[in-house]
Amino acid sequence: MTAYAIAHLRPETMNEDVLGYIEAIQSTMDPFGGRFLVHGKEVEVLEGPFPGTVVVIGFPDIERARAWYASDAYQAILPLRTRHIAGEAVLVEGVPADYDATRTAARLRAEAGL
């Protein structure tokens, strides 16, 4: 099942550390099959406040996403970003191609007794 690393970042200023991070991140993802799906794009805010930008990286599965984040290579460059850019990062597993939200709603109804 495809998995995603998603970051909500609020960059303030560009500097050498951040540029070094951007230059190095691809090589940390390659051994784990990671690829950028969203990177460096302006967000279109539809609801609520949303300062900053979003980064989405796809991985073949959650195990490889976890292994990438924990890897020595990524951990070595991570402070280049975290020292200069506020934000949150999460890993999340995707849904199968045949996913249907109505089945999820039915399960949630049954679990809640509604």
Side-chain angles (χ1 to χ4, degrees):
M1 185 75 55
T2 303
Y4 304 93
I6 302 170
H8 173 210
L9 303 176
R10 293 173 294 288
E12 293 183 18
T13 59
M14 190 57 59
N15 61 51
E16 284 297 324
D17 280 356
V18 173
L19 289 170
Y21 173 86
I22 294 169
E23 291 166 344
I25 190 172
Q26 187 67 52
S27 66
T28 71
M29 296 171 4
D30 288 343
F32 303 96
R35 72 178 194 89
F36 281 105
L37 302 175
V38 178
H39 191 233
K41 299 296 182 180
E42 181 116 359
V43 298
E44 182 177 338
V45 179
L46 300 176
E47 296 180 23
F50 196 91
T53 190
V54 176
V55 175
V56 180
I57 303 168
F59 289 90
D61 52 55
I62 194 73
E63 291 80 16
R64 282 184 263 196
R66 288 179 184 136
W68 161 74
Y69 190 85
S71 71
D72 290 343
Y74 185 65
Q75 289 298 307
I77 68 166
L78 183 57
L80 298 175
R81 176 179 61 78
T82 58
R83 282 194 304 252
H84 304 285
I85 298 176
E88 300 78 35
V90 299
L91 297 178
V92 62
E93 194 170 39
V95 297
D98 66 344
Y99 177 80
D100 182 337
T102 58
R103 290 193 300 257
T104 299
R107 179 181 54 80
L108 293 170
R109 276 185 181 282
E111 289 172 2
L114 301 174

Straight-line distance of Ile57 CD1 to Leu91 CG, nearest 0.5 Å: 9.5 Å

[Y] reachable from [X] in the ILVMFWY side-chain graph, under 4.5 Å edges:
{"X": "Ile25", "Y": "Leu37", "value": "no"}
{"X": "Tyr4", "Y": "Val43", "value": "yes"}
{"X": "Val90", "Y": "Leu9", "value": "no"}
{"X": "Leu78", "Y": "Trp68", "value": "yes"}
{"X": "Val38", "Y": "Phe32", "value": "no"}

Counting C-beta onward and ignoring hydrogens, is there a side-chain heavy-atom pair between [X] and [Y] closer than 4.5 Å?
{"X": "Glu88", "Y": "Arg10", "result": "yes"}
{"X": "Met1", "Y": "Ile62", "result": "no"}
{"X": "Gln26", "Y": "Phe36", "result": "yes"}

So which atom in Pro51 and which in Pro49 form the shortest heavy-atom distance, rounded to 0.1 Å? CD-C, 3.9 Å

Only pairs at least two apart or in different chains count here, so list each ring pair (Phe, Tyr, Trp, His ring centres under 6.0 Å) that has a residue in residues 79-114. none

Quick check: does any side chain N or O of Gln75 sit under 3.5 Å from a backbone N or O of Tyr69, one acting as donor and the other as acceptor? yes

Only pairs at least two apart or in different chains count here, so list each side chain to side chain donor-acceptor pair (under 3.5 Å) that has a residue in residues 34-58. none

